[in-house]
2 protein chains.
Amino acid sequence: MQKRSETNPMKLDHILDKIYPLPLPSKQLLLQNITEVNYPKGHILLSADKVEHSIFFIKKGIARVYTRTLDHEITILFCKEGDTLVSMKSYVLNQKGYEDVALLEDSELYELKTEKLQKLFAKDISIANWARRFAEKELIKTEERFIARQFRTAKERYQEILRDHPDLIQRVQLSYIASYLGITQVSLSRIRADRS
Amino acid sequence: MQKRSETNPMKLDHILDKIYPLPLPSKQLLLQNITEVNYPKGHILLSADKVEHSIFFIKKGIARVYTRTLDHEITILFCKEGDTLVSMKSYVLNQKGYEDVALLEDSELYELKTEKLQKLFAKDISIANWARRFAEKELIKTEERFIARQFRTAKERYQEILRDHPDLIQRVQLSYIASYLGITQVSLSRIRADRS
DNA sequence: GATTTCTTTTAACAAATGATAAAAAATGAG
DNA sequence: CTCATTTTTTATCATTTGTTAAAAGAAATC
């Protein structure tokens, strides 16, 4: 494989502001509750089997979000520098989620305990609105993924990845890309070979 | 067709509380900004072509949310009594959405102008948290639809509709159900005929 | 650097789904 | 009720995609 292009670590401040700009006092409240953690490739960051208690912001690295049944698994999405990882069902409903999250590279993360965040919701209106905005934007992203998966063929979506996220093809093995596209690895090979 | 079972209208109060219980002053602030509207079957409630300015809560009736391209369209979901209709892209980003919403029956709706709601976010922390909760729960529903559509076959999902939402089959024509399941109407007929 | 392991491609066949068209059934209008 | 329209089912055929297995290619380990 060709030498992987080095990825730039993402500043926490920038990640938080990208979601919704916070006034300084509120931002500092948030920052006080966030710590840095590192995990190696292969680490299971979030598990479908349990109620999770953390939100992670990715400083550096890439993760695969997926669900599984007895016989097979499908990849829901890939998250990388600047993205946020959370089990919504844990975070919102205090229930087990449906997704596992595994790191595909050694990664550096910012961790925020959901309990701490939830306490801030009642106290700080800016943080409540920041989290509102977070959920709203995540919802739009999920809607977009949903529509893309319904509307465009696997071939079209593969070509979109090539065009918009070429680094993904370098950083993620093709069996996961196939699973993300909702097809078998064999079908992806057919697409890549361009024999329709 | 057999006589359609009468559906119960949904109280606004109950719809709002189901999202997230609000303290009375905040709830009254919200209620002040909500009006009742009625539209006939076939009415286009929200359009993908424009930035929309209302959120609707369904008192009575049923709506189809769908997207379309030049050649075909797919049904994203059906919403009925107690459900909420909103173009998230309009509401969150002030941009055109990707979905059209058409009423499948004469319907009674509660309407809330998004501009009014958004003004309340800066003033009332309970309303900010109510809307946070709304987005979070919608996100979980969307994730669930996404996973259902990937994991289970159209046949299984049709049988789930039969089991969990039998009224849908009565109230919605099968071509829309097929489109919701992501298959052609011909395939749905095959499933219904049970010839695998 | 050779060997083992994991990943990707290729091939052959089977099964599922879509496209098209026509028939049947249900619905709505006069 | 009858006719026109819409919706649903059925049939046929072509295409796509999955399954299985084997080969080729890369990467990791010793």
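Throughout, a chain's letter reflects where its sequence line sits, starting with A, and its residues are numbered from 1. Bear in mind that the values here come from a model prediction, so they are computed numbers and not experimental data.
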Trainee: I need the OH-P distance between A:Tyr158 and C:dT8, as an integer number of Å.
Mentor: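 Going from OH in A:Tyr158 over to P in C:dT8 covers 11 Å.
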Trainee: According to the interplanar angle, ranging from 0 to 90°, do the rings of A:Phe151 and B:His72 count as parallel (below 30°), tilted (30 to 60°) or perpendicular (above 60°)?
Mentor: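 Correct class here is perpendicular.
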Trainee: B:Leu181 has an atom CG; how far is it from atom P of C:dG18, in whole Å?
Mentor: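 Answer to the nearest Å: 11 Å.
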Trainee: Answer yes if the side chains of A:Tyr98 and B:Glu143 hold a donor-acceptor pair under 3.5 Å, and no otherwise.
Mentor: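 There is such a pair between these side chains.
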Trainee: If you measure from the Lys or Arg side-chain nitrogens to the Asp or Glu carboxylate oxygens, is any gap between B:Asp100 and B:Arg64 under 4.0 Å?
Mentor: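 Answer for the salt bridge query: no.
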Trainee: Find which nucleotide of DNA chain C each of B:Ala154 and B:Lys41 is nearest to by heavy atoms, and output the residue with the more 5' nucleotide.
Mentor: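 The residue mapped nearer the 5' terminus is B:Ala154.
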Trainee: Does a side-chain N or O of B:Arg192 approach OP1 or OP2 of D:dT8 to a distance below 4.0 Å, or not?
Mentor: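 For D:dT8, OP1/OP2 do not have a side-chain N/O of B:Arg192 under 4.0 Å.
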Trainee: Side chains of B:Tyr180 and B:Arg157: do they bring a donor and an acceptor to under 3.5 Å?
Mentor: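 The answer is no; no qualifying pair exists.
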Trainee: Quickly work out the A:Leu104 CG to D:dA27 P distance and round it to whole Å.
Mentor: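 After rounding, the gap between these two atoms is 16 Å.
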Trainee: Figure out the CD/P separation between B:Glu105 and C:dT27, and round it to whole Å.
Mentor: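 Taking atom P of C:dT27 as the reference, CD of B:Glu105 is at 15 Å.
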Trainee: Tell me whether the guanidinium CZ or amine NZ of B:Arg192 lies under 6.0 angstrom from the six-membered ring centre of B:Tyr158 and within 45° of its axis.
Mentor: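 Ring-cation test returns no.
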Trainee: Are OP1 or OP2 of C:dT7 and a side-chain N or O of A:Ser175 less than 4.0 angstrom apart?
Mentor: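 Answer no for this pair, as no side-chain N or O of A:Ser175 is under 4.0 Å from OP1 or OP2.
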Trainee: Need the bend value for the helix from C:dG1-D:dC30 to C:dG30-D:dC1: angle between end axes, 5 pairs each end, nearest 10°.
Mentor: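 Inter-axis angle at the ends, rounded: 50°.
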Trainee: Let me know the distance between CG of B:Leu174 and C1' of D:dT9, rounded to the nearest Å.
Mentor: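 Going from CG in B:Leu174 over to C1' in D:dT9 covers 10 Å.
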Trainee: Starting the side chain at C-beta, find the nucleotide from D:dG18, C:dG18, C:dT8 nearest to B:Ile183.
Mentor: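 Selected nucleotide: C:dG18.
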Trainee: Can you tell me the distance, in whole Å, between the CD1 atom of A:Ile177 and the C1' atom of C:dT9?
Mentor: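 After rounding, the reported distance stands at 16 Å.
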Trainee: Would you kindly compare B:Val186 and B:Gln173 by the position of their nearest DNA chain D nucleotide and give the one closer to the 5′ end?
Mentor: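 First, find each residue's nearest nucleotide; the 5'-ward one identifies B:Gln173.
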Trainee: Reckon A:Leu188 touches a base, only the sugar-phosphate, or nothing at all at heavy-atom distances under 4.0 Å?
Mentor: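 No contact.
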Trainee: Output, in order, the C-alpha distance, side-chain angles, deciding distance and verdict of side-chain contact (heavy atoms from CB on, under 4.5 Å) for A:Thr75 and A:Thr67.
Mentor: CA-CA 7 Å; A:Thr75 299; A:Thr67 48; over 6 Å; no
Trainee: Could you check which of C:dT10, C:dT8, D:dT8 has an atom nearest any side-chain atom of A:Gln185?
Mentor: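 Nearest to the side chain of A:Gln185 among the choices is C:dT8.
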Trainee: If you only use heavy atoms from C-beta on, which nucleotide in C:dT7, C:dT10, D:dG18 is closest to the side chain of A:Arg190?
Mentor: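 In terms of side-chain proximity for A:Arg190, the closest of C:dT7, C:dT10, D:dG18 is D:dG18.
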Trainee: Show me, pair by pair, the donor-acceptor contacts under 3.5 angstrom made by side chains of residues 43-56 of chain A, not counting sequence neighbours?
Mentor:
from, atom 1, to, atom 2, distance (Å)
A:Ser47, OG, A:Asp49, N, 3.2
A:Glu52, OE2, A:Ser47, N, 2.8
A:His53, ND1, A:Glu115, OE2, 2.6
A:Ser54, OG, A:Glu111, OE2, 2.5

Trainee: In whole Å, what is the span from the CD1 atom of B:Ile169 to the C1' atom of D:dT8?
Mentor: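 From B:Ile169 CD1 to D:dT8 C1': 13 Å.
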Trainee: When you measure from the side-chain N and O atoms of A:Ser187 to the phosphate of D:dG18, is any distance below 4.0 Å, counting only OP1 and OP2?
Mentor: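 So the side-chain polar atoms of A:Ser187 do come within 4.0 Å of the phosphate oxygens OP1 or OP2 of D:dG18, strictly under.
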